[in-house]
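Hydrogens, waters and symmetry mates are skipped; everything else that's a heavy atom, side chains included, is used. All ligand and atom numbering here is 1-based and tracks the order in the structure. Bear in mind that the values here come from a model prediction, so they are computed numbers and not experimental data.
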Amino acid sequence: MFNLILFGPPGSGKGTQSEKIIEKYGLKHLSTGDILRSEIARQTPLGMEAKKLMDKGQLVPDEVVIGMISSSIEANTQARGFLFDGFPRTVAQAEALDKLLKLKGTQINAMISLLVTEEELMKRLLNRGLTSGRSDDSNEEVIKNRIAEYKSKTAVVADYYKKFDKFFEVKGEGSIDEIFNAICKEIEKEMDA
Ligand code: AMP
């Protein structure tokens, strides 16, 4: 299996690049944000609880997202590998993910982080809010909270993978294809390693 984490702040392009990566490498896309939004659309109790936090730009509790990822891994045992997008967002989630993958006899091969300036992030998210229908993209206060959550809880997850020499950084500004090519270079280096 080849298991990849696509990392970066909200608005760094993880969703866009994930679509291209899964198509090229045949990985199963696991986005906790997408799973949560589908729970909200189906109006499940989990979705309704999560929505209150998501609308404020706050993270959903670790146990909730870890449970979702655990079920998704179980439901896709035949996958060639996973692309984790928007997960792990805390060190506790990273530790739980290691355990889940270990139980399946596999591990994370690489974390690729998209580097984008804060000014560009704000611009992209406000723009996305005009068309995405995502309530957490249309309000500047909520966007600021999401970036603050990223800085205080998520950015440290990079250090966790740096310790294991699994962290790689790619410039997240430029054309979609330029960024994708830079990501592919890193992926292929790790696949050959
Ligand atoms: P995203 O689509 O990845 O930007 O996620 C949208 C929102 O869902 C985030 O602002 C969080 O409220 C919640 N969320 C998604 N993934 C996670 C995660 N791994 N841990 C905690 N909350 C999450």
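For ligand 1, one of its N or O atoms has an N or O atom of G86 under 3.5 Å away. Polar contact with ligand 1: absent for D34 (N/O pair, distance under 3.5 Å). In terms of N/O distances under 3.5 Å, ligand 1 is not approached by P88.
Among protein heavy atoms, atom 8 (O) of ligand 1 sits closest to M54 CE, 3.4 Å. At the shortest separation from atom 20 (N) of ligand 1 among protein heavy atoms lies Q93 NE2, 3.0 Å. Protein heavy atom nearest atom 16 (N) of ligand 1, with residue, atom name and distance: T32 OG1, 2.8 Å. Considering only non-hydrogen protein atoms, atom 22 (N) of ligand 1 sits nearest to V60 N, 3.0 Å. The nearest heavy-atom contact from the protein to atom 11 (C) of ligand 1 is Q58 O, 3.7 Å.
Contact annotation: for R134 versus ligand 1, heavy atoms closer than 4.0 Å belong to the side chain alone. For L36, every heavy-atom contact with ligand 1 shorter than 4.0 Å involves the side chain, none the backbone.
A tilted orientation is assigned to the rings of F87 and F84, their planes being inclined by 30° to 60°.
The shortest heavy-atom distance from L53 to ligand 1 is not under 4.0 Å.
When R89, R146, K153 are checked for heavy-atom proximity to atom 5 (O) of ligand 1, R89 turns out nearest.
Side-chain contact between E19 and H29 is present, with at least one heavy-atom pair separated by less than 4.5 Å.
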